[in-house]
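Here the structure comes first, spelled out in structure tokens, and everything after it is commentary.
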Amino acid sequence: MVRALFPGTFDPIHCGHIDIATRASKIFDELIVAVYDRPLKNLLFSPEERLSLTKESLADIKNIKVVGYSGLTVAFAREINAKVIVRGLRVISDFEHEFRMALANKHLAPDIEVAALITNEKYTFLSSSTVREIASLGGDYSRMVPKIVKSALDRRFLELGEDQNVVQPTYLRD
Ligand code: ADP
């Protein structure tokens, strides 16, 4: 039995992540989707909220389990006996980042492989930060995330009101 680990921040989970998780669940016997506790990023949702949105979004896929984790990804992979780390690739800039991370992980844990799946072309542009930015600016992002994630985002931005400095302006503001 091959167990694979799909780690990420998932702030929040979107259709690009779900597509990768769904495809990986067909390749491996079991897929553990792991929500990273405290990355060095400005987060919109707490670890508990990200975990619960990720769980609900993937609840229909039988061989997927969603858990939270902290610390080194390869240490967690070893702990749960996962032989493969799954990542998604969108654009060349992802490749450079993923390539360096995969080599660093290989250095730390030569027994664990990284499998990078190429994005579905309709999600090439999609990232959590794009979703956050569109949501903060009142744009339509209903086809980018599951309904429960959209409700959570709408609620969160209502709570935040003017205080939206958790959203880093990237390229949709001007
Ligand atoms: P991280 O903060 O570790 O990059 P993310 O939650 O942003 O975590 O993403 C987790 C994984 O999902 C990463 O491998 C990322 O490249 C991949 N991913 C994110 N968006 C997409 C997308 N639209 N299509 C395919 N893979 C994606």
Side-chain angles (χ1 to χ4, degrees), residues 4-28 31-58 61 64-77 80 82 84-106 108-109 112-136 139-146 148-150 152-153 156 166-168 170-172:
L5 171 67
F6 180 31
T9 308
F10 305 109
D11 186 44
I13 186 164
H14 54 65
C15 295
H17 294 129
I18 294 171
D19 178 68
I20 297 289
T22 307
R23 285 158 55 200
S25 75
K26 292 178 185 155
I27 302 173
F28 302 106
L31 183 73
I32 310 294
V33 176
V35 179
Y36 191 58
D37 183 350
R38 295 193 189 286
L40 298 170
K41 285 182 178 180
N42 260 352
L43 293 182
L44 189 59
F45 291 106
S46 69
E48 296 73 27
E49 289 168 318
R50 287 183 283 121
L51 186 61
S52 129
L53 290 172
T54 306
K55 264 189 189 156
E56 283 191 57
S57 303
L58 297 169
I61 308 176
I64 290 185
K65 210 193 264 174
V66 181
V67 299
Y69 83 108
S70 55
L72 271 181
T73 301
V74 284
F76 183 65
I80 62 166
V84 181
I85 293 176
V86 173
R87 300 287 291 174
L89 284 180
R90 283 160 296 193
V91 284
I92 300 290
S93 53
D94 273 355
F95 179 79
E96 201 177 326
H97 173 70
E98 296 292 339
F99 184 69
R100 286 174 48 187
M101 208 155 54
L103 290 180
N105 281 336
K106 199 75 188 157
L108 294 169
I112 295 173
E113 291 299 336
V114 172
L117 302 187
I118 307 296
T119 188
N120 181 322
E121 65 180 326
K122 62 184 182 198
Y123 301 133
T124 309
F125 71 95
L126 195 51
S127 67
S128 296
S129 59
T130 305
V131 169
R132 291 196 300 267
E133 193 171 1
I134 295 174
S136 77
D140 178 10
Y141 62 100
S142 53
R143 280 168 299 158
M144 301 176 197
V145 295
I148 42 146
V149 175
K150 180 167 186 319
L153 276 161
R156 189 85 182 97
V166 284
V167 180
Q168 302 282 319
T170 48
Y171 49 86
L172 300 171

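Throughout, numbering of the chain's residues begins at 1 and tracks the sequence. When a ligand or atom number is given, it counts from 1 through the structure's own listing order. Scope of the values below: all heavy atoms of this structure, side chains included, with no hydrogens, waters or symmetry mates.
Between Ala24 and Leu117, the shortest heavy-atom distance links the atoms N-CD1, 4.0 Å.
In terms of polar-atom proximity, Thr119 is counted as a contact of ligand 1, with an N or O under 3.5 Å from an N or O of the ligand. Among the atoms of Thr124, none of the N or O lies under 3.5 angstrom from an N or O of ligand 1.
Short contacts between ligand 1 and Pro7, defined as distances under 4.0 Å to a heavy atom of the residue, involve ligand atoms 10 (C). Close approach to His17 involves these atoms of ligand 1, each under 4.0 Å from a residue heavy atom: 5 (P), 6 (O), 7 (O), 9 (O), 10 (C), 12 (O), 18 (N), 19 (C). Residue-ligand proximity, Tyr123 to ligand 1, at heavy-atom distances under 4.0 Å covers atoms 22 (C), 23 (N). Contact atoms of ligand 1 toward Gly8: 3 (O), 6 (O), 8 (O), 10 (C) (distance under 4.0 Å to a heavy atom of the residue). Near Leu126, meaning under 4.0 Å from one of its heavy atoms, ligand 1 places the atoms 20 (N), 21 (C), 22 (C), 23 (N).
Distances from atom 17 (C) of ligand 1 to the heavy atoms of Ser127, Ser128, Pro12, Gly88 show the closest one on Gly88.
Val35 is not listed as a side-chain neighbour of Thr9, based on a closest heavy-atom distance of 4.5 Å or more. Here the side chains of Pro47 and Arg38 are in contact, with some heavy-atom distance below 4.5 Å.
In this structure, His97 falls outside the shell of residues with a heavy atom less than 4.0 angstrom from ligand 1.
Atom CG in Leu89 sits 10.5 Å away from atom NE2 in His97 (nearest 0.5 Å).
Taking the six-membered ring where the residue is Trp, Phe95 and Phe99 present parallel rings, their angle staying beneath 30° rather than reaching 60°. Between Tyr69 and Phe76, the ring planes lie parallel to each other; the angle is under 30°, not in the 30° to 60° tilted range.
By the criterion of a heavy-atom distance under 4.0 Å, the side chain of Phe6, and not its backbone, is placed next to ligand 1. Counting heavy atoms closer than 4.0 Å to ligand 1, residue Ile20 contributes side-chain atoms (C-beta onward) but none from N, CA, C or O. With a 4.0 Å heavy-atom cut-off, ligand 1 is reached by the side chain of Arg90 but not by its N, CA, C or O.
For Lys122, the NZ atom is loosely surrounded, since the number of other residues' heavy atoms within 6.0 Å does not exceed 12.
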request  = Any chance you could lay out the side chain to side chain donor-acceptor pair (under 3.5 Å) test for Glu49 and Ser46, step after step, and finish with the verdict?
outcome  = CA-CA 5 Å; Glu49 289 168 318; Ser46 69; 3.3 Å; yes

